[in-house]
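Shown next, in structure tokens, is the structure this report addresses.
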Amino acid sequence: MHHELNVVWFVLLGILFAGYAILDGFDFGVGMLYLLVKDDAERRLLLNSIGPVWDGNEVWLVTGGGGMFAAFPNVYASLFSGFYPVFMLLLLALIFRGVSIEFRSKEPMHWWRNLWDTNFFIGSILAALLLGAFAGNLAYGVALNSHGTYIGGFWALLNPYALLVGITTVALFMMHGSIYLVMKTEGNLHDRLRGWVNNSIIFFIICYATTTMATLLYDRHLTSEIRNHPVFFVVAILNMLAIANIPREIFHKRYFRAFLSSCFSIVALLSLLAIGLFPNIVYARNNPANSLTIYNASSSPLTLKIMFIIALIGMPIVLAYTTYVYWLFRGKVRMDGHSY
Amino acid sequence: MNTLWLSRVQFGLTISFHYLFPPLSIGLGVMMVTMEAMYLKTRNKVYESMARFWTRIFALTFGLGVATGIVMEFEFGTNWANYSRFVGDVFGAPLASEGIFAFFLESGFLAVLLFGWDRVGPKTHFFSTVMVSFGSIFSALWINVANSWMQTPAGFHIVRHNGVLRAQITNFWQVVLNPSTVDRLVHVLLGALLSGAFLVLSVGAYYVLKRRHEDFGRRCVRIALIVAVIGAVAQLVSGDFNAKMVGKYQPAKLAAFEGHFPADAPAGMSPFGWVDSKTQTVYGPRIPGMLSWLMYYNTKAPVIGLDHFPPALRPPVNPVFQSYHAMVAIGMALILISLLGVFYWWRGTLFQKRWLLWIFVISVIGPELANELGWFSAEVGRQPWIVYGIMKTSQAVSPHLAAGEVLASIIMFGIMYVLLGALFIFLMNRKIQQGPEEAAAVQPPIPPHVVEGHGRLDA
């Protein structure tokens, strides 16, 4: 009877990480396309398109981490200690990316700006790749002992499937970010970026198709849930429709709708992962009995209840002022004396 | 060095570096709210330029605080997996609450604070400043709840979960309001307030000394002095509360603070000294019965000493003694210089006392150092426990984590933080040298082909 809360927290964490992927996803995408723009004034426009929102977007990851600690402490402990080197690299990428945005426009020298611009670019790609590889390892399954501790070693984390999901994530965020930029810019820059939307959609579709094939071939535990409940095919189909809708909306210059389609696609992809994993969070490929599930890895019913109340009080307020901030900085990027 | 020690070094390194920034953000936040409130009340442009100037400094400290803070959110899991499994049910809740109630609030309204000057009215902007300040204070609140629970655990029981022992919440409010939460929160917030006030004092005094932006500088000095003197004296009172609380709930830590060994005897205090644990001697001047008097207002009252605990359950005495005494000494010095400042202000000669203004310029290091030393005493003084009396630090580290991996990440963080620290000081100094008015013009003007009409992009 208490088990509903375990499911609720699985969904809530899914929402937090989906929120993170949607929001920081376009930040990463902007970083990936950033070096393709050569002019300093245009680079500043790109940077300032995410200027007021990027660190709020990163809070979704931090809160997701805190939520996972509170709701599923065994997953938090196993994943982060097990994926140690990958995670340290992710932290490195995120820190350098953040301070690059902060520092690059503070000095006028060319070498200074190029240095931070390059850091911003590398940090964005590396962070997306590692987050993707992280999701890829979850999808593929890892080696856990009977205490739920990761025993696979470092190199197992860099398996081809995880790397493929990592590259797909890079492509996804590049597409997502390019649509965001098209929405936020005008004139010549806007026209050039429109071309990049098309390129990145093609890149993403190739990656997505490859990942889907690899998943069907190698991740039988992930696809069995969908085989058993064919109704979930709807998610996959809706995902395809959303992706197909993006070029159409771009063609009709309805950029916000294109952006929503891209957001939907991110949610659908994460939903497919969540459906495939449920009720596992970390699937033990060596011995499925060792898997960390939403039941054996969770906090006590009382803690789940307390955290649920906290989320019910806190998250509507967060959504309200986050919406307000996005609304305040809506429309095309405008530069002023306070910009980065 | 093994994984345990390397993980301790890494946690100490990353938390110490991180903690340079949040107190500045919390303290500056309060100063910014004050300045912007004065602008709204008086409509004097100098207060607006103060608010704008300090907002730019705030952005820098906040940015570094966020960048180094992400590490902290995950380091429990990466290096302290057994700890995370054991306490997650209790400890995760305040951490998640910090995200929901503090970080979102801070970063959301920071956007309005930094980029909204020309987009919202002064009142909405002021509201955003207040929200950012609240966010930073809430963050201190929740992280203090989490850490205070490690010092004085309450509101939980230990149960077997899947064959492994772990702590589970029995009463959420007892966890939140555990015996040390309130005292420690007040102490931390006052420390942060002093960090902010002495930064404003330092920069203001520098401008007065250099005869640049003098009106701006004098006003900064005056506002900061009021906050500093109140904060520094209040911190002394709060320190007394904390010492009594530590004596009651963590007697081994209090005994280490003063190098008090006899199991059950009246205790003295040393203004400074050197502790030799082997011979159980404190070299240096000692005031007999002083600690007994401070704890129980009776110089003859016995205080529990280190001998009351088996050697394996004592914290390392001299490091705790030294950091605690250095913190107290800095606190006293801050009281002294802020009182001197107020005295000369009252006499009307403050801005002629160039020697005092120079002391103010360097005084910014004081609260920052005292904050670090205070945490060092609190955390090292809790050893060998990670959760006092419940779990030892040696039991908490991640199993299956290789020492080489931790060493590699220590080197990575070490290089990165040296670089970031140097850049922070460089950019901070640059902003201060640019001063309040000129700072806005530092960005190169946007080329005309990008700007048209209302500043929109057009090619």
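Lettering of chains follows the sequences in order, A, B, ..., and the numbering in each one begins at 1. Scope of the values below: all heavy atoms of this structure, side chains included, with no hydrogens, waters or symmetry mates.
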Fit a plane to each ring of A/F329 and B/F115, take the angle between them on a 0 to 90° scale, and name the class: parallel (under 30°), tilted (30 to 60°) or perpendicular (over 60°).
perpendicular
Between B/T78 and A/S81, is any pair of side-chain heavy atoms under 4.5 Å apart?
no
Please state whether the side chain, the backbone, both or neither of B/T55 comes within less than 4.5 Å of a heavy atom of chain A.
neither
Considering only heavy atoms, which portion of A/M307 lies under 4.5 Å from any heavy atom of chain B: side chain, backbone, both, or neither?
side chain
Portion of B/L64 that has a non-hydrogen atom of chain A nearer than 4.5 angstrom
side chain
Using a 4.5 Å cut-off on heavy atoms from C-beta on, say whether the side chain of A/L61 contacts that of B/F74.
yes
State, with a plain yes or no, whether a side-chain heavy atom of A/I95 is found less than 4.5 Å away from one of B/T68.
no
For the pair A/F96 and B/L419, evaluate side-chain contact (heavy atoms from CB on, under 4.5 Å) and give the outcome as yes or no after the intermediate values.
CA-CA 11 Å; A/F96 263 100; B/L419 190 71; 4.0 Å; yes
Which portion of A/I101 sits near chain B, non-hydrogen atoms under 4.5 angstrom:
neither
Plane angle bin for B/F76 and A/F69 - parallel if under 30°, tilted between 30 and 60°, otherwise perpendicular:
tilted
With a 4.5 angstrom heavy-atom cut-off, is it the side chain or the backbone of B/S7 that approaches chain A, or both, or neither?
neither
Select one option (side chain, backbone, both, neither) describing which atoms of A/V325 are under 4.5 Å from chain B's heavy atoms.
side chain
Max heavy-atom pairs within cutoff under 4.5 Å with chain A, candidates B/S107, B/G116, B/G108, B/G99, goes to B/S107
A/N145, part contacting chain B, at a heavy-atom distance under 4.5 Å:
side chain
Who wins among A/F103, A/F72, A/Y324, A/W54 for the most heavy-atom pairs under 4.5 Å with chain B?
A/F103
Specify which of A/D191, A/L302, A/N57 makes the most heavy-atom pairs with chain B at under 4.5 Å.
A/L302
Chain B: which of A/E102, A/E58, A/E107 shares the most heavy-atom pairs with it under 4.5 Å?
A/E107
Checking heavy atoms, do the side chain of A/Y326, its backbone, both or neither come under 4.5 Å from chain B?
neither
More than 12 heavy atoms of other residues, nucleotides or ligands under 6.0 Å from NE2 of A/H110: is that the case?
no
Under 4.5 Å from a heavy atom of chain B, the part of A/S78 involved
both
Out of curiosity, B/F86 CZ to A/N74 CG, how far, rounded to the nearest 0.5 Å?
12.5 Å
Between B/I70 and chain A, with a heavy-atom cut-off of 4.5 Å, which part of the residue counts as in contact: side chain, backbone, both or neither?
both
Can you tell me how the ring of A/W60 sits relative to the ring of B/F104, calling it parallel under 30°, perpendicular over 60° and tilted otherwise?
perpendicular
Taking the side chain as C-beta and beyond, is there a heavy-atom pair between A/K106 and B/R430 under 4.5 Å?
no
Heavy-atom closest pair, residues A/P85 and B/E405
CG-OE2, 3.1 Å
For A/L91, is it the side chain, the backbone, both or neither that has a heavy atom under 4.5 Å from a heavy atom of chain B?
side chain
Taking all atoms of both residues into account, what is the closest heavy-atom pair of B/A96 and A/T63, and its distance?
O-CG2, 4.4 Å
When the 4.5 angstrom heavy-atom criterion is applied to B/F426 and chain A, the contacting part is side chain
Ignoring hydrogens and geometry beyond distance, is a side-chain donor-acceptor pair present between B/S409 and A/Y84 at under 3.5 Å?
yes
Could you look at B/F413 and say if it's the side chain, the backbone, both or neither that has a heavy atom under 4.5 Å from chain A?
side chain
Looking only at A/S298, A/G331, A/A311, most heavy-atom pairs under 4.5 Å shared with chain B are made by A/S298
Counting only non-hydrogen atoms closer than 4.5 Å, does A/L328 touch chain B with its backbone (N, CA, C, O), its side chain (CB onward), both, or neither?
both
So for B/F101, is it side chain, backbone, both, or neither that comes closer than 4.5 Å to the heavy atoms of chain A?
side chain
Should A/Y321 and B/M131 count as side-chain neighbours, where that means a heavy-atom distance under 4.5 Å?
no
Is it the side chain or the backbone of B/I100 that comes within 4.5 Å of chain A heavy atoms, both, or neither?
both
Steps toward side-chain contact (heavy atoms from CB on, under 4.5 Å) verdict (B/M416, A/L92):
CA-CA 8 Å; B/M416 184 158 67; A/L92 178 79; 3.3 Å; yes
Can you tell which part of B/V406 gets under 4.5 Å to a heavy atom of chain A, answering side chain, backbone, both or neither?
both
Is any side-chain heavy atom of A/V99 less than 4.5 Å from a side-chain heavy atom of B/L423?
no
Where is the tightest heavy-atom contact between B/S84 and A/A77, given as atom of each residue plus distance?
CB-CB, 3.9 Å
Min side-chain heavy-atom separation B/F103-A/V318 under 4.5 Å:
no
Looking at A/G153, is its backbone amide N or carbonyl O close enough to the side chain of B/H400 to form a donor-acceptor pair, meaning the two atoms are under 3.5 Å apart?
no
Are side-chain N/O atoms of B/R166 and A/S300 paired as donor and acceptor at under 3.5 Å?
no
Flag side-chain contact, heavy atom, 4.5 Å: B/R85 against A/T149
yes
In terms of heavy-atom pairs under 4.5 Å, which option from B/V87, B/V66, B/L95, B/D118 contacts chain A the most?
B/D118
